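Both counts, for ligands and for their atoms, begin at 1 and track the order of listing. Position 1 is the first residue of the sequence, and the numbers go up from there. Because the structure is predicted, anything quoted here is derived from the model rather than measured.
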Amino acid sequence: MSARTIDLRSDTITRPDAAMRKAMADAEVGDDVLDHDPTMARLEERVASMLGYESALWVPSGSMGNLIALMLHLRRGDAFLAPEFAHVLGSELGTAAWLAQGMPQVLPHDAGPGRPSPETVRAAVGTGPYFALATTLLCLENTHNFAGGAVFDGAEWSALLEAARSVGLLVHLDGARVWNAAAALGVPVSDLTRGADTVQVCLSKGLGAPVGSVLAADSARITEARRIRKMLGGGVRQGGILAAAGLLALDNVDSLTVDHVNATLLADGLRERGWTVGQPQTNIVLAEGSLSVAQLAELGIAAVTVTGKIRFVTHRDVSESDIREALNRL
Ligand SMILES: *Cc1c(COP(=O)(O)O)cnc(C)c1O
């Protein structure tokens with residue numbers, strides 16, 4: 001009797017639709033390792049301009065984008081700051097230490113879910129004797145995945161940038177879902193990305209591309225990032241096939257608000273059924289209730305556990321009626 005599973009594990013499960021597959025098949029391609037693939041170049045230019053940067057580089061994954069940023073910014077043994085439960089701290093196999101050779105320092109979410117306050121950033125960087133740890137980088141995450149897709153706005157972003165600069169820190173933004181933050185706030189994404197040293201954005205989550213992220217920075221850093229990407233095995237030759245999907249994915253930015261409405265519908269329904277649920281700001285619902293992930297699976301609802309709670313993520317491949325059906329099953 002197994003009804004179709006409603007898959008709310010992650011927005012990464014979204015599949016390329018027919019238009020995207022057609023664009024991939026028809027993509028104009030070159031050799032992106034030898035010189036430059038024309039479709040890749042178009043995607044990179046478009047993302048750079050959307051985010052308010054001079055230049056950008058396609059990378060196979062968000063994890064590689066974050067890693068390249070850390071490898072660009074950190075010297076061996078430098079400390080970097082990141083909010084508790086940041087993806088770069090706990091979900092990237094320790095590559096920040098293993099490959100970028102940085103020392104992680106965890107910051108509390110004292111300004112609200114997902115972000116530290118400017119005072120906390122300033123206080124984390126001390127002036128010590130010559131043998132003191134050198135803290136050189138602040139990593140932020142917007143939306144913050146494990147804080148339930150939590151958003152911070154352009155004013156907070158500016159204040160955090162200013163705090164970081166005042167104590168001599170470089171800044172990297174893990175903007176895997178910064179598109180969701182911009183959609184939730186109704187602002188251009190550049191309001192939330194401009195002014196850092198590097199920004200990483202994902203095309204393969206709610207936007208629906210099958211693969212790919214983009215790292216944005218100034219041209220000199222992107223030139224160096226291209227070398228590091230090759231070193232990590234991330235140079236792709238006829239990458240235009242993947243970039244063509246990314247270009248169409250960028251057209252999906254505005255429809256992320258549908259996912260946000262569906263997340264609120266789900267959260268409200270869970271609350272009515274006795275679950276403890278925070279108010280979702282974007283497409284992620286963190287909830288605690290009477291059912292485990294395994295019990296939900298028996299009802300044909302797929303979810304995961306993060307930070308001790310059950311995480312449901314809405315996305316392009318689940319509709320409002322799917323959410324209503326999930327609530328019916330509960
Ligand atoms: C998914 C995610 C990443 C990594 O992206 P991958 O493409 O899965 O490597 C980085 N940061 C955050 C906040 C994410 O949610």
* Asked: So which residues, sorted by chain and number, lie with a heavy atom under 4.0 Å of ligand 1?
  -> Ser61, Gly62, Ser63, Asn66, His87, Glu92, Glu141, Asn145, Asp174, Ala176, Arg177, Cys202, Lys205
* Are Thr120 and Ser117 close enough that a side-chain donor and a side-chain acceptor fall under 3.5 Å? -> yes
* Asked: Does a side chain donor of either Thr136 or His73 reach within less than 3.5 Å of an acceptor in the other side chain?
  -> no
* Structure fact -> Besides Met20, the hydrophobic cluster formed by Ile, Leu, Val, Met, Phe, Trp and Tyr side chains linked at under 4.5 Å, directly or via other members, contains Leu248
* To do: Decide whether His109 and Glu84 meet the rule of one side-chain donor and one side-chain acceptor closer than 3.5 Å.
  => no
* Assess the side chains of Asn66 and His172: does a donor N or O sit below 3.5 Å from an acceptor N or O? => yes
* Salt-bridged, Asp37 to Arg237, with N to O below 4.0 Å? -> no
